[in-house]
Structures are given as C-alpha cells and as structure tokens.
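Computed from a prediction, not measured in an experiment: that's the story for all the values here.
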Amino acid sequence: MSKMEMNRRSLLKQSAGMMALAIGGGTPLLSSRMAYAQASGLAKEQLRTIGLSVTVQERILADFRKESGVGQTSGTAATFPDAQTKILSGSKDYDCWEIIGERLPSIVMTNNVEAIPAASLKNWANIRDTFTTPSDKWGPKQQIVGQIWADDAKTTLNMVPAVYNYDSIGYNPDVLSAEEANSWSAIFDPKWKGKSGLNTDPLIAFGQAIMAMNTLGLSSVKNPGNPTAAEIDEAAKFLVSKKKDGQFRALWGDFGELVNLMASGEMVVCDAWQPAVMAVKAQGKACKYAVPKEGYRGWAIGPSMISGTPNKEAVIAYADYWLSGEPGITVSEQGYYSPSTNIQKVMAPEKYAFWYEGKPWVGAAERGIKEGDLRDGGSLSERAKNVAYWHQWPDEYDHLVQKWDEFLNA
C-alpha cells in the first residue's frame, strides 16, 4: 500500500472524530459587474470562506461583494490545521477553503475538493510562470506548480493561487545582528533562550528545525519539506530538547499574537510572516526580516472549492477576483506577492517598484517605511532565487503529526 493511500485512509478515519479530538483574457474582473451578476446568477449565491486572516479579510470580501454582485459574503479566520479538521469532519458551513498548497492532498484524497477549470478564470492568462512552468531545481510535487493542478494537462485547478511568499526569520536588529539572524539556526540558538518563537503548524516547524539541524551539522536532510520517518524522529528529538530547555517564549499561531510578542520585545527572533514584521515596524519598533543563508520557505495560498457547495459560481468569481489585481494591492503592501501580473496595472508605480522590484521607497513615510528604505531581501526575482524548499505534503504525514503531538505534550 502506498504512503498516499495510507494517508488517505488515515485522514478519512480521523475525519469522523476530529472535531471532538481537536480542541479568458487577462482583463480585470467584472468590468460590468451587474451584467455579470445577472448573467451568472451570482446575486442568488453567497460566498462562505474559511482560511487564515492573511486572506480572509472583511475589506477584501466587501470589495468582492461590491464588484461581483454576489448576494452575500462571510469569512471565518482559522489556522490551517483547524480548518482542515472542520472540513474533514464534514462541515457544510463553507464553500471554499483558502488553503495552503501543501495541505491540498488532505482534501483531494478525501474527495472534499471540486476542481476549478482554468478556462473559467478571466484573469488566468496573466498568472506568473511560477504556477505554470516547473523549475528544474525540484521535482514537480516538490514545488507549487506540481501541487495545484488536478490534471497533467493543466486544465483544472484544485487550488487557484491568490497570495504567495518566501518566508524567513523576523528579528529585533537592536538585539541581533544581521549575521546572527540570517540563518534558521537563530531560532534555536541558546543565546536567545526564552526569547525565540516557533509556529504551531507542524508542516512549518519541522522543516525549519531540519534546516537548522543541517546548518548545525546535526543532520544532512536533502528535502526539509518531506523528511523520512527517521529524519522526523531526529527533528522531533531536537525540538523536544529545545522546548525542555526553555528555548521558546511562545508557540504562536495567530498573526496578532506574533505581532504583539515581537513588538513587546518578549520575542527577539522567530519564524515570521513578513507582514507581521511590517506591523511591528509600523508601531515604531525595531524589526527586520532576515535573508537566510539556507534559503526561504516557499508557499502559496488560494481558494479551493469544497465539494457539494451550492455556490460554485461564487467560488469561481472569488478566485478570479484575487487574480484581477485589486485585492493584490492589500496583501502586497503587507509584504506578500500577487501571483498575477495584473497587480502592476493597478498598483501605484512607486509602490510596485518598492514591493516587487527592490527599489527604494519614494515619498512620505508609511507604516515604518521611510524615504530611501529598501524591502528586506530585495526584489521578487532576487528572493525567488533563494528558496530552500516549497512547502509540500510529507509522505510520512501521520508520523510527523504523531511526533508533533509528542513535542506539544513534552
């Protein structure tokens, strides 16, 4: 029996009791929104979405409702493990999950996703090559282009990418030097004992621990995103030992929690989302985003249509809206990237130059960014060249989650 089939059976088995245990053409979308709504029946549909607060934002949902003519929108903020639990447990409360690419197998293997035809997305023509053309640096399934498509011919998508980024380490430059921070091992350095932080998603935490162990000479794992059972065991021992030593100030899962811990000075180094670093800087506090010598963690988030939804057109319109350019402004100015080149058509040129092209900030200070400042890590193309691995579904998923539970209980 293959690992994928074992994972599928395990997920199907878990879904029954999880809730109890868990705690066209490239033109901007909807140029004539009312005509579109009438033609598609969107006014009779609603959109009920679940995902991280990164993308599930009331402002974006309100703009989508206005632009599309959809009858109603609602959003639920939830971590990826919690959202996965709800969907696999049979919840009918959502039409789409704004999922991260590596968790797609959890709903594909359990028949909880309905593929979206690329031809139904008016803005797909302007998608970036990252999502259509594989890099020869990794195997297909080890990168996002090999994860989102439902078929080899690339005609239908299990997930329509809406946001992506290359994650790194957030740190206080008043405490750590760039040299000290520019490695995943910084999170586990005893020098910052009691003042470092780690994300609560095991598919994130294990990869970071493995990269740190590689750097420290404790392992030589080739693919941190898909470790073997033995490699998981070693990483778990490392994580448990660090936890028992009091290395971590917090295991964080919420954006606001992360910002507060960094802004207060309680955490001086942690794995972080770049918008959280920007939010700390906006409070006038020192914060930077490292350029890890091992490379970044690559990921992408986007809407997946939940099987059986009565609001299929609304989900497709929402996915297309993310590629239209406008919602990309909101997330780009937080430090993420839009997967569509439409963003350049609608974003102010000087801001696009700063966020995407690595050029100095021009104009009045904004959210801690001052005239002449550069984005940490440089341009999109620069950062894209320095990727250690893309998040992916581990072959040993069940074993990894078991070891994560042991870490949490240690």
Original post:
When rounded to the nearest 0.5 angstrom, what is the spacing between CG in Asp398 and CD in Glu396?
Top reply: 8.5 Å
**OP:** Could you tell me the separation between the CD1 atom of Ile87 and the CG atom of Asp82, rounded to the nearest 0.5 Å?
**Re:** 11.0 Å
Subject >> Heavy-atom side-chain contact between Trp322 and Val163 under 4.5 Å >> reply: yes
**OP:** Taking the six-membered ring for Trp and the single ring otherwise, decide whether the centroids of Tyr397 and Trp404 are under 6.0 Å apart.
**Re:** no
Subject >> Gln147 side-chain N/O to Pro105 backbone N/O, donor-acceptor pair under 3.5 Å >> reply: no
Original post:
Under 3.5 Å, side chain of Asp254 to main-chain N/O of Gly256, donor-acceptor pair present?
Top reply: yes
Original post:
Any donor and acceptor pair, going by atom type alone, linking the side chain of Glu45 with main-chain N or O of Ala314 inside 3.5 Å?
Top reply: yes
Original post:
Would you say the side chain of Thr55 lies within less than 4.5 Å of the side chain of Ile60, judging by non-hydrogen atoms?
Top reply: no
Original post:
Under 4.5 Å between any side-chain heavy atoms of Trp97 and Gln84, yes or no?
Top reply: yes
Subject >> Tyr337 side chain to Arg128 side chain, donor-acceptor N/O pair below 3.5 angstrom >> reply: no
Subject >> ring-ring contact (aromatic ring centres under 6.0 Å, His included) partner of Tyr336, chosen from Tyr356, Trp299, Trp355, Tyr164 >> reply: Trp299
Original post:
Okay, side chain of Asn226, backbone of Pro394: is any donor-acceptor separation there less than 3.5 Å?
Top reply: no
Original post:
Okay, side chain of Asp373, backbone of Lys370: is any donor-acceptor separation there less than 3.5 Å?
Top reply: yes
Original post:
Taking the side chain as C-beta and beyond, is there a heavy-atom pair between Phe188 and Thr215 under 4.5 Å?
Top reply: no
**OP:** Could you tell me whether the side chains of Asp129 and Thr133 share a donor-acceptor contact shorter than 3.5 Å?
**Re:** no
Original post:
side-chain contact (heavy atoms from CB on, under 4.5 Å) between Glu382 and Arg375: does it pass, once the steps are laid out?
Top reply: CA-CA 11 Å; Glu382 237 183 309; Arg375 175 174 177 160; over 6 Å; no
Subject >> Distance, nearest 0.5 Å, that separates CD of Gln392 from CG of Asn223 >> reply: 4.0 Å
Original post:
Checking salt bridge (Lys or Arg N to Asp or Glu O under 4.0 Å) for the pair Asp376/Lys288: CA distance, chi angles, key distance, verdict?
Top reply: CA-CA 7 Å; Asp376 293 337; Lys288 286 185 71 66; 3.1 Å; yes
**OP:** Mind telling me whether Trp361 and Phe354 have parallel, tilted or perpendicular rings, with 30° and 60° as the class edges?
**Re:** perpendicular
Subject >> Contacts of type salt bridge (Lys or Arg N to Asp or Glu O under 4.0 Å), residue Asp201, not counting sequence neighbours >> reply: Arg103
**OP:** Determine yes or no for a side-chain-to-main-chain donor-acceptor pair under 3.5 angstrom, with Lys243 supplying the side chain and Leu408 the backbone.
**Re:** yes
Original post:
Does the separation of the ring centres of Trp390 and Tyr166 fall below 6.0 angstrom?
Top reply: yes
Subject >> Ser91 versus Ser89, side-chain donor and acceptor atoms under 3.5 Å >> reply: no
Subject >> Arg65, Glu58, Lys66, Arg48 screened by side-chain hydrogen bond (donor to acceptor under 3.5 Å, both in side chains) with Thr73, the one that passes >> reply: Arg65
Original post:
Hey, mind stepping through Asn199 and Gln208 against side chain to side chain donor-acceptor pair (under 3.5 Å) and telling me if it holds?
Top reply: CA-CA 10 Å; Asn199 191 280; Gln208 293 169 163; over 6 Å; no
Original post:
Does a side-chain heavy-atom distance below 4.5 Å link Tyr321 with Ser324?
Top reply: yes
Original post:
Any side-chain heavy atom of Ile301 sitting closer than 4.5 Å to one from Phe80?
Top reply: yes
Original post:
Is there side-chain contact between Asp167 and Tyr289, with heavy atoms separated by less than 4.5 Å?
Top reply: yes
Original post:
Hey, are Asp271 and Trp184 close enough side-chain-wise for a donor-acceptor pair under 3.5 Å?
Top reply: no
Original post:
Taking the six-membered ring for Trp, are the ring centroids of Trp252 and Trp273 within less than 6.0 Å of each other?
Top reply: yes
Subject >> Backbone N/O of Ser340 and side chain of Asn126: donor-acceptor pair under 3.5 Å >> reply: no
Subject >> Glu294: partners by salt bridge (Lys or Arg N to Asp or Glu O under 4.0 Å), with sequence neighbours left out >> reply: none
Subject >> side-chain contact (heavy atoms from CB on, under 4.5 Å) between Arg297 and Ile204, worked out >> reply: CA-CA 9 Å; Arg297 294 185 290 103; Ile204 293 174; 3.6 Å; yes
Subject >> Which atom of Asp174 lies closest to which atom of Ala286, heavy atoms considered >> reply: OD2-CB, 3.5 Å
**OP:** Could you please spell out the steps behind the side-chain contact (heavy atoms from CB on, under 4.5 Å) verdict for Glu180 and Tyr171?
**Re:** CA-CA 10 Å; Glu180 290 173 316; Tyr171 69 99; over 6 Å; no
Original post:
Is there a donor-acceptor contact under 3.5 Å from the side chain of Lys403 to the main chain of Ala236?
Top reply: no
Original post:
Between Trp149 and Leu157, is a side-chain contact (heavy atoms from CB on, under 4.5 Å) present by the stated rule, with each step listed?
Top reply: CA-CA 4 Å; Trp149 292 96; Leu157 292 143; 3.7 Å; yes
Subject >> Validation row: Leu47, Asn311 side chains within 4.5 angstrom (heavy atoms) >> reply: no
**OP:** Enter the distance from Leu198:CG to Arg249:CZ here, rounded to the nearest 0.5 Å.
**Re:** 14.0 Å
Original post:
Got a second to check how far Met213's CE is from Glu234's CD, nearest 0.5 Å?
Top reply: 6.0 Å
Subject >> Whether Ser332 side chain and Ile329 backbone form a donor-acceptor pair below 3.5 Å >> reply: no
Original post:
Backbone N or O of Gly358 within a donor-acceptor pair of the Ser379 side chain at under 3.5 Å?
Top reply: no
Original post:
Rounded to the nearest 0.5 Å, how far does OG of Ser106 lie from CG of Leu88?
Top reply: 5.5 Å
Original post:
Do we see a donor-acceptor contact under 3.5 Å between the side chains of Ser183 and Ser185?
Top reply: yes
**OP:** Show the numbers, then the answer: is there a side chain to side chain donor-acceptor pair (under 3.5 Å) between Glu98 and Tyr318?
**Re:** CA-CA 11 Å; Glu98 297 179 44; Tyr318 183 60; 2.8 Å; yes
Original post:
Does a sphere of radius 6.0 Å around NZ in Lys137 hold more than 12 heavy atoms from other residues, nucleotides or ligands, not counting ones at 6.0 Å or beyond?
Top reply: yes
